[in-house]
Asker: 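Input: one structure, supplied below.
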Amino acid sequence: MCGIIGIVGTVSVQERLIESLKRLEYRGYDSAGVAGFTKQGVERRRAAGKLKNLEAVLAKDPLRATVGIGHTRWATHGPPTEGNAHPHRAGRVTLVHNGIIENFAELKAALAARGRTFSTDTDTEVVAQLLDQELETKPPLEAFKATLDQLRGAFALVVMIDGEEGMILGARRGPPLVVGYGDGEMFLGSDALGLGPFTNRIAYLEDGDFVAIDHATARIFDDAGHPVERAVQTVAQSATLMEKGNYRHFMEKEIHDQPDACQHTLSAYIDPVSTRFAPPSGLDLSAFDRIQIVACGTASYAGQIARYAFERLAGLPCDVEVASEFRYREPAVGPKTLAVAVSQSGETADTLAALRWCKAQGLTTAALVNVHGSTMAREADLLLPTHAGPEIGVASTKAFTSQVAALTALAATAARQRGRIDAAEEARVARMLLEAPRLIAEANAAEDHIRTLAPELARARDVLYLGRGAMFPLALEGALKLKEISYIHAEGYAAGELKHGPIALIDEATPVIVIAPSDDLFEKTISNMSEVAARGGPIVLITDAEGARHAPEGARVIVGPTCDPLVAPLVYAPPIQLLAYYVAVQKGADVDQPRNLAKSVTVE
Ligand code: AGP
């Protein structure tokens with residue numbers, strides 16, 4: 001979603017705004033803009049499309065200011081044109097906004113009735129007009145509070161007011177906003193990553209907070225307008241780093257980061273010396289009779305994979321539901337249910353709402369998140385961290401495998417705490433999980449071969465992914481990856497479902513990717529592959545050495561390491577990610593910032 005930044009600085013702001021916006025690019029956007037207080041008053045520069053277009057505008061017409069705001073826009077109301085790009089301006093107000101103003105239509109009508117005219121299709125301009133109207137009768141902070149009180153929806157705002165050259169205002173209702181503390185300079189931004197080049201001293205605003213920054217201070221108020229303190233934390237250097245090293249894309253780097261990401265994550269759940277599971281926050285899973293996982297997209301597939309482990313290994317019933325449905329379904333949940341929100345960002349609007357709903361029902365809630373200062377992390381009763389490091393590619397890779405690793409470790413913890421496995425079995429499972437990072441690295445060895453398969457797949461219009469058991473949700477994830485970054489239509493199916501409908505789609509032009517390491521279901525999957533082969537469907541089989549011996553004639557085979565089914569979803573994730581990656585590269589697609597997608601979906 002949109003990225004926002006505000007700088008009350010002492011040196012030229014234009015380069016800093018662009019540098020910060022580049023760091024926020026990963027969130028997804030389709031236009032961008034900046035504004036600053038210049039000697040001539042507030043000036044704006046905006047452009048549709050990528051940041052390079054805005055840079056070109058600034059090269060011709062620099063913004064000579066030290067205090068300014070910037071924005072990358074992911075269009076919600078109105079197309080991604082220069083005119084709809086932020087910052088928006090009305091009277092004395094210039095502002096940028098992330099999120100949605102739900103009551104913008106009624107506010108717009110009321111403002112129009114009072115003679116205000118609008119020049120954009122956005123909901124954002126309504127906020128600028130409203131604040132400008134409030135400023136006619138109130139001082140800035142009072143006017144800002146009065147404006148916020150009239151807005152409905154989930155949003156973050158960063159605002160400049162003419163005549164208040166040393167001050168920037170910010171507000172948070174839903175999407176995150178952080179305050180950065182510099183040396184004689186202050187910052188506001190969507191996340192710590194965006195402020196990385198300037199400071200790593202960060203305060204996270206609470207939901208409902210608003211703030212005024214100047215060169216030296218941040219005055220923070222809660223939603224009732226009372227002054228509040230928010231702790232200033234020094235965030236780890238790693239949380240502000242974003243380098244792709246020698247890789248062409250962040251996604252490629254992040255695929256290769258997975259052994260480390262999983263190892264770091266597992267070290268938070270397993271004591272490697274004693275090979276005992278030691279869950280964070282002292283979580284006692286024997287106190288629960290059911291796990292309810294809520295998540296969106298890739299995170300929900302991680303949850304679906306974990307369900308197999310929770311039920312098979314720990315005998316603990318586990319439901320997984322996409323948060324956007326869960327939150328409105330009024331599900332029946334028992335008091336001994338542990339609700340686990342799984343999210344890379346910890347900010348996804350639907351997942352956060354589902355978490356809050358569970359909390360309101362009195363359930364114990366846990367946030368399994370990669371961003372440890374995120375809203376979910378702070379609101380849940382328990383933080384279950386993944387340690388994947390910042391994930392910049394919009395298509396989730398290392399965050400996904402880290403989620404699977406953490407959830408699998410929790411399932412094993414539950415098995416031990418519920419007396420389903422003894423100490424010897426616990427140690428065996430722990431060792432097996434600790435081995436997984438090495439196997440993930442081994443799986444990457446198929447990369448060169450996978451690259452050679454990309455040209456043929458890149459010509460396909462439709463691709464099917466098949467899997468059984470925990471490989472079924474991995475098939476769903478494989479299809480999502482391909483769709484997201486190569487724009488090829490792809491669907492994942494449980495292999496056994498093929499003959500109940502999807503088989504009608506099979507022809508010579510529809511490749512079928514089968515994810516099937518040789519486990520106790522492998523023979524059944526061979527039958528499904530034969531059904532595809534009999535109808536001329538090209539097959540790519542992702543399997544281990546044993547499975548490769550049974551590949552149907554003519555199938556392309558990607559061989560991965562031999563491993564236990566419990567860790568197979570981790571070990572077989574890199575091949576499906578690499579396949580999607582190289583197909584997207586082959587098609588010349590924008591791998592790290594696919595069209596229409598946002599990294600963190602902070603609106604419904
Ligand atoms: C993954 O490739 C996607 N971009 C998307 O499905 C993502 O996993 C989903 O939006 C959930 O995000 P979260 O993990 O930050 O909550």
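Here, residue 1 is the first one in the sequence, and each next residue gets the next number. If you're wondering where the values come from, they're calculated on a predicted model, not measured in any experiment. Remember, it's 1-based here, ligands and their atoms both numbered in the order they're listed.
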Asker: What protein heavy atom sits nearest atom 2 (O) of ligand 1, and how far off is it?
Answerer: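 Closest protein heavy atom to atom 2 (O) of ligand 1: E484 OE1, 2.7 Å.
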
Asker: Aromatic ring centroids of H71 and H86 under 6.0 Å?
Answerer: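 Close enough - the centres of the two rings lie under 6.0 Å apart.
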
Asker: Which residue and non-hydrogen atom of the protein lie closest to atom 10 (O) of ligand 1, and at what distance in Å?
Answerer: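 Residue, atom and distance for the closest contact: V601 CG2, 4.2 Å.
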
Asker: Under 3.5 Å, N or O to N or O, is V394 touching ligand 1 that way?
Answerer: yes

Asker: Give the C-alpha distance, both sets of side-chain angles, the deciding distance and a yes or no for side-chain hydrogen bond (donor to acceptor under 3.5 Å, both in side chains) between D381 and T365.
Answerer: CA-CA 5 Å; D381 301 311; T365 56; 3.1 Å; yes

Asker: Under 4.0 Å from a heavy atom of A395: give me the atoms of ligand 1 that qualify, with their elements.
Answerer: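 So the atoms of ligand 1 that pass are 2 (O).
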
Asker: Identify the protein heavy atom lying closest to atom 15 (O) of ligand 1, giving its residue, its atom name and the separation to 0.1 Å.
Answerer: S345 OG, 2.7 Å

Asker: Would you call L597 a ligand 1 contact, heavy-atom distance under 4.0 Å?
Answerer: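 No, L597 has no heavy atoms under 4.0 Å from ligand 1.
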
Asker: Looking only at non-hydrogen atoms, which of M251, E477, Q344 approaches atom 14 (O) of ligand 1 most closely?
Answerer: Q344

Asker: Do R290 and V333 pass the side chain to side chain contact (heavy atoms under 4.5 Å, CB included) test, and can you show the C-alpha distance, the side-chain angles, and the key distance before you say yes or no?
Answerer: CA-CA 9 Å; R290 192 166 153 264; V333 285; 4.0 Å; yes

Asker: With a cut-off of 4.0 Å, which atoms of ligand 1 are near a heavy atom of K481?
Answerer: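 With K481 as reference, the close atoms of ligand 1 come out as 1 (C), 2 (O).
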
Asker: Looking just at side-chain N and O atoms, do E447 and Y582 make a donor-acceptor pair shorter than 3.5 Å?
Answerer: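 Judged by distance alone, the side chains do pair up.
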
Asker: Please list the nearest protein heavy atom to atom 9 (C) of ligand 1 with its residue and the distance rounded to 0.1 Å.
Answerer: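 Atom 9 (C) of ligand 1 sits closest to the protein heavy atom C296 O, 3.6 Å.
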
Asker: As an exercise, identify every atom of ligand 1 less than 4.0 angstrom from a heavy atom of S396.
Answerer: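 Listed by number with element: 1 (C), 2 (O).
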
Asker: Could you go through K398 and T386, starting from their C-alpha distance and side-chain angles, then the distance that decides it, and tell me whether this counts as side-chain hydrogen bond (donor to acceptor under 3.5 Å, both in side chains)?
Answerer: CA-CA 10 Å; K398 62 177 180 173; T386 54; over 6 Å; no

Asker: Among R327, Q292, R329, find the one that has a side-chain hydrogen bond (donor to acceptor under 3.5 Å, both in side chains) with E321.
Answerer: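 Result: among R327, Q292, R329, R329 is the only option passing the side-chain hydrogen bond (donor to acceptor under 3.5 Å, both in side chains) with E321.
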
Asker: To the nearest 0.1 Å, how far is atom 1 (C) of ligand 1 from its closest protein heavy atom, and which atom is that?
Answerer: T298 OG1, 3.1 Å

Asker: Could you tell me, atom by atom, which parts of ligand 1 come under 4.0 Å of a heavy atom of G297?
Answerer: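 It comes down to these atoms of ligand 1: 6 (O).
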
Asker: Should F104 and T122 count as side-chain neighbours, where that means a heavy-atom distance under 4.5 Å?
Answerer: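 A side-chain contact under 4.5 Å is absent here.
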
Asker: Quick test: of every protein heavy atom, which one is nearest to atom 12 (O) of ligand 1, and how far off is it to 0.1 Å?
Answerer: T348 OG1, 3.4 Å

Asker: Any chance the side chains of D462 and H489 put a donor and an acceptor closer than 3.5 Å?
Answerer: yes

Asker: If only side-chain N and O atoms count, and only distance matters, is there a donor-acceptor pair under 3.5 Å linking T401 with Q258?
Answerer: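 Judged by distance alone, the side chains do pair up.
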
Asker: Considering distance alone, does some N or O of T351 sit under 3.5 Å from an N or O of ligand 1?
Answerer: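 Between T351 and ligand 1, no N or O pair is found under 3.5 Å apart.
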
